Amino acid sequence: MSPACRAFRARFFPEASDAQWSDWRWQIRHRIRTFEEVRRMVQLTTEEEKALELGGKMLPLAVTPHYMALVSPTDPDQAIRRSMIPTVYELRRCPGEADDPLGEEHQSPIPGLVHRYPDRVLLLATDFCSAYCRYCTRSRVVGHGALTPSTRRLEMVFDYIRRNPAVRDVLVSGGDPLTLSDERLEYILANLRAIPHVEVIRLGTKIPAVLPQRITPQLVRMLRKYHPLWMSLHFTHPDECCLETARACALLADAGIPLGSQTVLLKGMNDSAEVMRRLVHSLMRMRVKPYYLYQCDPISGSEHFRTAVSKGVDVIRGLRGHTSGYAVPTYVIDAPGGGGKIPVSPDYVAGRDAEGNLRLTNYEGGSFQYPDYVTG
Ligand SMILES: *Cc1c(COP(=O)(O)O)cnc(C)c1O
């Protein structure tokens, strides 16, 4: 067990055995959900205390004991703390913000199925998460109990996909699909795998970071029956890459599941090349390929998390060429209104000279030319 988790358990869950602490259902049952519990574990600021007192009106609060062990009790600016403990800033509404900025509701032929791109769909399997990120892009649905993994809804989804042979890739997300039981998850995977034109199944989850105990040998034995199965793991900060999380990723990678990460660019949390380099290096060591870096969606009450797009471009400039190409994610803006993910990258093409040479800038700022004369 990582030292932070061991110390936290001794202090706040002294009665919990190793077996209980390592049991994901025990972790879910003992999630930290109330003001009183948080106050016992964290020295709250006025902004946090006020938000917790108001409660109700916001995204639900829930933190697994494992993840709470990684929260700094003393530093309100720590990334993991800011991602889990609400502040009053969440109640502020700013221009350009919306509850459904990506227009997912308009692209949902079935409740909880988003069909935006021609060849792939997004299935929101459940609205339940083991821990709620304060900057959640689906705060309009998560934790409200409206999207359940009911057989009736899921059968409608399977039917829709069966009738749409262009769908070759199904992304199962939520909420967090890995909070479902092995049996329920297998029911979803088996039904998707039975559709001949579904080539690839993807799972989107934050479980390896917030509830690594969920990744059991039994779970991965089940998952590997449904290859080609890919996984997108949500990571925010290098502090998340503890012993337990590394072990969870190793189990998944050993089962032959290609792992990618999705990270939201968050103000003061990971919006520097230095923090991002540490994160992507930690991810590569865990065999997770940094896939996307997301500009934070303009979700209601998220202004305190958002950075200028130029900052994201600077972060990418600080990675490309300076570290392994595999470690560099694609920086994207999920276009408000449902336009999909649009890449934004530093410009390395400086123009063309009179002879037709392409003028290029390398990662160190040096100028180079490429004889781009070939026509047709
Ligand atoms: C992100 C997303 C996908 C998957 O996009 P990729 O670029 O293929 O990872 C599919 N559907 C929706 C609605 C999405 O938001």
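Counting convention: from 1, in listed order, for ligands and their atoms alike. Hydrogens, waters and symmetry mates are skipped; everything else that's a heavy atom, side chains included, is used. Just so you know, these numbers come straight off a predicted model, no measurement behind them.
- Between the side chains of Thr323 and His281, a donor-acceptor pair is found at a separation under 3.5 Å.
- With respect to atom 6 (P) of ligand 1, the closest heavy atom belonging to the protein is Tyr291 OH, 3.4 Å.
- For the pair Arg184 and Tyr187, the cation-pi test (distance below 6.0 Å, angle within 45°) is passed.
- For ligand 1 and Leu171, the ligand atoms under 4.0 Å from any heavy atom of the residue are 3 (C), 4 (C).
- Short contacts between ligand 1 and Tyr292, defined as distances under 4.0 Å to a heavy atom of the residue, involve ligand atoms 6 (P), 7 (O), 9 (O).
- Residues Tyr348 and Phe368 place their aromatic rings such that the two centres sit no closer than 6.0 Å.
- Ligand-side atoms of ligand 1 in range of Arg202: 4 (C), 6 (P), 8 (O), 9 (O), range being under 4.0 angstrom from any heavy atom.
- Here the shortest heavy-atom distance to atom 3 (C) of ligand 1, taken over Lys341, Glu104, Gln262, His115, belongs to Lys341.
- Every N/O-N/O distance between Tyr117 and ligand 1 stays at or above 3.5 Å.
- At a heavy-atom cutoff of 4.0 Å, ligand 1 is contacted by no atom of Leu102, backbone or side chain.
- The aromatic rings of His30 and Trp26 lie parallel to each other, with less than 30° between the two planes, well short of the 60° mark.
- For ligand 1, the polar-atom distance check against Arg120 finds a nitrogen or oxygen pair separated by under 3.5 Å.
- Checked for salt-bridge contact, Glu48 and Arg81 meet the test: a charged N lies under 4.0 Å from a carboxylate O.
- Scanning all heavy atoms of the two residues, the minimum distance from Arg134 to Glu90 falls at NE-OE2, 2.8 Å.
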